[in-house]
Amino acid sequence: MTEKTPQQHTDLPNAWNPADEEAALYQRWVDAGYFTADASSDKPPFTIVLPPPNVTGSLHMGHALNHTVMDALTRRRRMQGYEVLWLPGMDHAGIATQNVVERQLANEGVSRHDLGRERFVERVWEWKAEYGGKILDQMRRLGDGVDWSRERFTMDETLSRAVQTMFKKLYDDGLIYRAERIINWCPRCHTALSDIEVDHSDDDGELVSIRYGDGDAAIVVATTRAETMLGDTAVAVHPDDERYAHLVGTEVELPLTGRRIPIVADKHVDPEFGTGAVKVTPAHDPNDFEIGRRHDLPMLSIMDERAVITAHGPFQDMDRFEARPAVVAALREQGRIVAEKRPYVHAVGHCSRCDTVVEPRLSLQWWVNVEPLARAAGDAVRDGRTKVHPPELAKRYFDWVDNMHDWTISRQLWWGHRIPVWYGPDGETVCVGPDEQPPTGEGWHQDPDVLDTWFSSGLWPFSTMGWPERTADLAKFYPTSVLSTGYDILFFWVARMMMFGLYAMDEAQPFDHIYLHGLIRDANGKKMSKSRGNVIDPLDWMDRFGADATRFTLARGANPGADMALAEEWAAGSRNFCTKLWNATRFAIMNGATVATPLPAAEDLTEADRWILGRLAAVVSEVDELLEDFQFAKATNALYHFTWDELCDWYLELAKVQFSGDKAEGTRAVLGHALDTVLRLLHPFIPFITERLWTTLTGGESLVVAQWPSADALPAADATAGARITDVQKLVTEIRRFRSDQGLKPGQRVTTRLSGPGFAALAGHEEAIRSLARLGDPGEDFAATASLEVSLASGAATVEVDTSGTIDVAAERKRLQKDLAVAEKELKQTEGKLGNQAFLDKAPAEVVDKIRVRRDTAAADIERITARLNSLPS
RNA sequence: GGGCGCAUAGCUCAGCGGAAGAGCACCUGCCUUACAAGCAGGGGGUCGCAGGUUCGAACCCUGCUGCGCCCA
């Protein structure tokens, strides 16, 4: 104990300051080319394409979570010897970007129409150059190991070429067509929207019942959108509805218009709802449109693209929300309002980009016939070519792809991929491929519309690799390995990529695995939103706790498919973990921890050394297994507990004792090796601090390209050593509990004599036990004032203590009584089971044996504790 | 209206057929020479309710209640 361990100097500062080091570490990785994929490599490929963030967007917690997942996946595979490609980029976000630039123009007092199409698109590119893609810099702060040399943008020339190629291919195969249908129209963005770009919410509205016609011919209809009655071209009832049978085939006068409209019978009318009669507005309602088609009704549009009434009469030029009460008032004046219900809560569609209430509108648009594509997309998951994690979410995927409606792909915007179709003077329609010349001459013009952004991002897994060219990247890196995204984006994007990928790439699925993470919520499980004011900014966390702590917090909460609650305390906990790792490694280096291989032979190691190596091997296996199954939360929690509780706590304390023993070299090697391994395992999650520590500890080039640990490389677990250390831990813990109950200060050395058969088996660990429990050696004049017995696997150990004063008998009695109560409960439970013949007959033998052992242990404990209690002075 | 999921410690969540767990929060004592962003000890749960299956149920089944999500 007198010989002092020489302490080495390290170049590690006293504390880890992420802000000082992260940027430089990241730049070093990029400069070294670690993230640049090599298509000519012989290594097996591992590919992830980054879900392209919106060019207008900035990093939020959802990104941070998804990026943490992808970075962990790719960093681990890289360490495992794969040729890793993680491909970054952005999408052009048609509506969102156009909105941003239009707002900018509005501030200058001009509209896009003032500028003209060509100049406007130039302005968008200028905007992108100046303000777009902030998120890419923010990704660097997170530590994303993406291949920047392959960064892509959906409006890049090659990706635009892919879009045009795909359009042409679908068109030629008859899977793209043009048709006039009811679409979701945003009167603010002035464009069509697909079904999934519409968010439904339950809003307060009104339900107005209107009487059409008079006398015997009168019929009452109810509507939440009274103004649309101006466009009614029929009233429909169910064919079996006897109430109205006599009216079917007759006509009724439509109030306010003087028009006469037919009463038709249609079996899609629900006779139970309202009066059982519905007004039919084929040009402004999808269901009415279908009724209109079946009965060959006129399709009367009564609003323009701004949702302003165009129908002649007193309501002309009124906005739809102005027209609604005006129409109701006019009807009321005529005595035609039968009933009014306000508020009437009903589902209303809103534009997902600007929240304006969507107006169903009859309009000529381009469509994708999704039926064959969606079937293939479903089949790829059904037959296991693509696996969904967690598997429960596959059902939701099937529900979607198996019931998908045709997809409106044209958008009335200027920013995006223009539809490659030209119309001729005599009604010709020509679809032009990327290498073809569009027809020229009098009367030819291109379709003015652009394609839905999801059309181009649906091609992302292969357009980014150069499709339709047969590039080396495609050959090497497609199909991609994993697609990681939130489950909320399953329909928007994942299904589209599946459809397009299978179709364009000869039935090759775009990814082997789909990992779906949950949504980020606040500490109370509420959705984060600006209006709630509960948004946590990942950049703020990175500033205050470091990128590693931010990532580790997200990884520890990442249970597949499950939402995750976040609070600052979580990040602080992760920061504390990083600090612990830092201090432990610094301590190890100061004490000469080594990483030379191979490890010393078993006989040159202590039981503590062999125990921690066994635990290390178990953790390596466990973490590997969990990560193969996308169980990030469980894997990081296993690492957290092993690192903190076992390595940095028990083993490090044991190592302190061993440094002055005769197996100190072995201890230095085991400590160094264990830290080396743990840093490798943690690197995919907390890359910065592990890199800094590992390069200092080992002198290696970089953890990014270090080898992933293998449990096979570690010595087999030593069961005896494991049992001994477990006993040491139990003995130390029991002594500490006694000390605490007796009010003995943690720092105070307490003179103690250890004995008994249980202790005899641990004799080699006496110094460690004395150190960990802060016990002094008994001198000649040792006189115990108290004693306790601890039952260990190796038998009972006796601990006699000189507390240098009176013992707190009441505290000691309380402690023993508590132990007694536990043992008695255990005895009662186990005896109950063993007294049940059915249990003895039917339960497996090993379960019965286990219960017997527990019963015997409990009985022995009761006897021991009772004796101890009786011996206490009263 | 159709479908799915969740109800376990104050909070957020693991556990999913054989002894109730973690993180944070809380209480007590400690600046014990890696670490107070720390150390040691401690309290706290009839596992939503009611039935059923089983030798045995937080875990499987049925119903109910309360939340949440998706689709229409």
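Keep in mind that the numbers below use all heavy atoms, side chains included, and drop hydrogens, waters and symmetry copies. A, B, ... follow the sequence lines: proteins, then strands. Residue 1 opens every chain.
Heavy atoms of Arg396(A) sit under 4.0 angstrom from primed sugar atoms or phosphate atoms, though from no base atom. In this structure, Lys825(A) reaches neither bases nor backbone, as no heavy-atom distance under 4.0 Å exists between it and the strands shown. Heavy atoms of Thr585(A) sit nowhere under 4.0 angstrom from any nucleic acid atom. When heavy atoms are screened at a 4.0 angstrom cut-off, Ser740(A) is found touching the sugar-phosphate backbone but no base atom. Across all strands, Arg736(A) comes closer than 4.0 Å only to sugar-phosphate atoms, never to a base (heavy-atom distances). At a threshold of 4.0 angstrom between heavy atoms, the contacts of Leu652(A) include nucleobase atoms, whether or not backbone atoms are also involved. The residue Lys745(A) sits close only to the backbone: its heavy atoms come under 4.0 Å of sugar-phosphate atoms, none of a base. Among the heavy atoms of the strands lying under 4.0 Å from Ala843(A) is at least one base atom, whether or not backbone atoms are also near. Among the protein residues, Glu826(A) comes within range of the nucleic acid bases, having at least one heavy atom under 4.0 Å from a base atom. Using a 4.0 Å heavy-atom distance criterion, Asn14(A) is classed as making no nucleic acid contact. Residue-level contact check: Glu653(A) touches the bases, meaning some heavy atom is under 4.0 Å from a base atom. Using a 4.0 Å heavy-atom cutoff across all strands shown, Cys578(A) reaches no nucleic acid atom at all.
Note: CE (Met564(A)) to P (C24(B)) measures 17 Å, nearest angstrom. Atoms CD (Gln748(A)) and C1' (C39(B)) sit 16 Å apart, rounded to a whole Å. As rounded to whole Å, 7 Å separates atom P of G15(B) from atom CG of Asn559(A). Atom pair Arg556(A):CZ and G21(B):C1' shows a separation of 14 Å (rounding to whole Å applied). If you take NZ of Lys634(A) and P of G23(B), they are 16 Å apart, rounded to a whole angstrom. Atom pair Asp402(A):CG and C4(B):P shows a separation of 15 Å (rounding to whole Å applied). Going from atom CG of Asp563(A) over to atom P of C11(B) covers 18 Å, rounded to whole Å.
Distance from the side chain of Ala584(A) is smallest to A34(B) among C55(B), A34(B), C39(B). Here the side chain of Ala838(A) is nearest to one of C35(B), A22(B), C55(B), namely C55(B). In the set G3(B), C69(B), G18(B), the nucleotide with an atom closest to the side chain of Lys833(A) is G18(B). You'll find that the side chain of Lys395(A) is closest to C4(B), out of C4(B), G41(B), C70(B).
At A34(B), none of the side-chain N or O atoms of Lys580(A) fall inside 4.0 Å of OP1 or OP2 (strictly under the cut-off). Between Asn576(A) and G38(B) there is a side-chain polar atom (N or O) within less than 4.0 angstrom of OP1 or OP2. For the OP1/OP2 pair of G43(B) and a distance below 4.0 Å, the side-chain nitrogens and oxygens of Lys818(A) include at least one atom meeting the criterion.
A side-chain donor-acceptor contact under 3.5 Å links Arg225(A) to the backbone of His284(A). Listed for the Asn534(A) side chain is a donor-acceptor partner under 3.5 Å among the backbone atoms of Lys527(A).
Between A40(B) and C31(B), the distance separating the two P atoms is 15 Å to the nearest Å. Remark: the separation of the P atoms in G42(B) and C61(B) is 38 Å, to the nearest Å. A gap of 26 Å separates the P atoms of C67(B) and A58(B), to the nearest Å. Look at the P atom in both C59(B) and C27(B): the space between them is 34 Å, to the nearest Å. Of the P atoms belonging to A20(B) and A57(B), the separation is 12 Å, rounded to the nearest Å. Separation of the P atoms belonging to U32(B) and G18(B) is 45 Å when rounded to the nearest angstrom. Nucleotides U28(B) and G43(B) are separated by 10 Å at their C1' atoms, to the nearest Å. Rounded to the nearest Å, the gap between the C1' atom of G56(B) and that of G41(B) is 35 Å.
Between Lys850(A) and Asp522(A), it is Asp522(A) whose nearest contact on RNA chain B lies nearer the 5' terminus. Between Trp400(A) and Arg854(A), the residue whose closest nucleotide on RNA chain B is further toward the 5' end is Arg854(A).
Side chain to side chain, Tyr640(A) and Asp645(A) fail the donor-acceptor criterion of an N or O pair below 3.5 Å.
Between Tyr515(A) and Phe632(A), a ring centre-to-centre spacing shorter than 6.0 Å is recorded.
Around CD of Glu625(A), the count of heavy atoms belonging to other residues, nucleotides or ligands within 6.0 Å does not exceed 12.
Side chains of Ser740(A) and Arg815(A) form no contact here, defined as non-hydrogen atoms less than 4.5 Å apart. Residues Asp808(A) and Asp741(A) form no side-chain contact, since every pair of their non-hydrogen atoms from C-beta on lies 4.5 Å or further apart.
For the pair Arg615(A) and Trp650(A), the cation-pi test (distance below 6.0 Å, angle within 45°) is failed. By the 6.0 Å and 45° rule, Lys656(A) stacks over the aromatic ring of Phe587(A).
Looking at RNA chain B, the stems built from 3 or more consecutive Watson-Crick or G-U wobble pairs, each pair with its key distances under 3.5 Å, are B:1-7 with B:65-71, B:10-13 with B:21-24, B:26-30 with B:38-42, B:48-52 with B:60-64.
Each of Phe577(A), Trp570(A), Phe685(A) was evaluated against Phe552(A); a single residue qualifies, Phe577(A), per the ring-ring contact (aromatic ring centres under 6.0 Å, His included) test.
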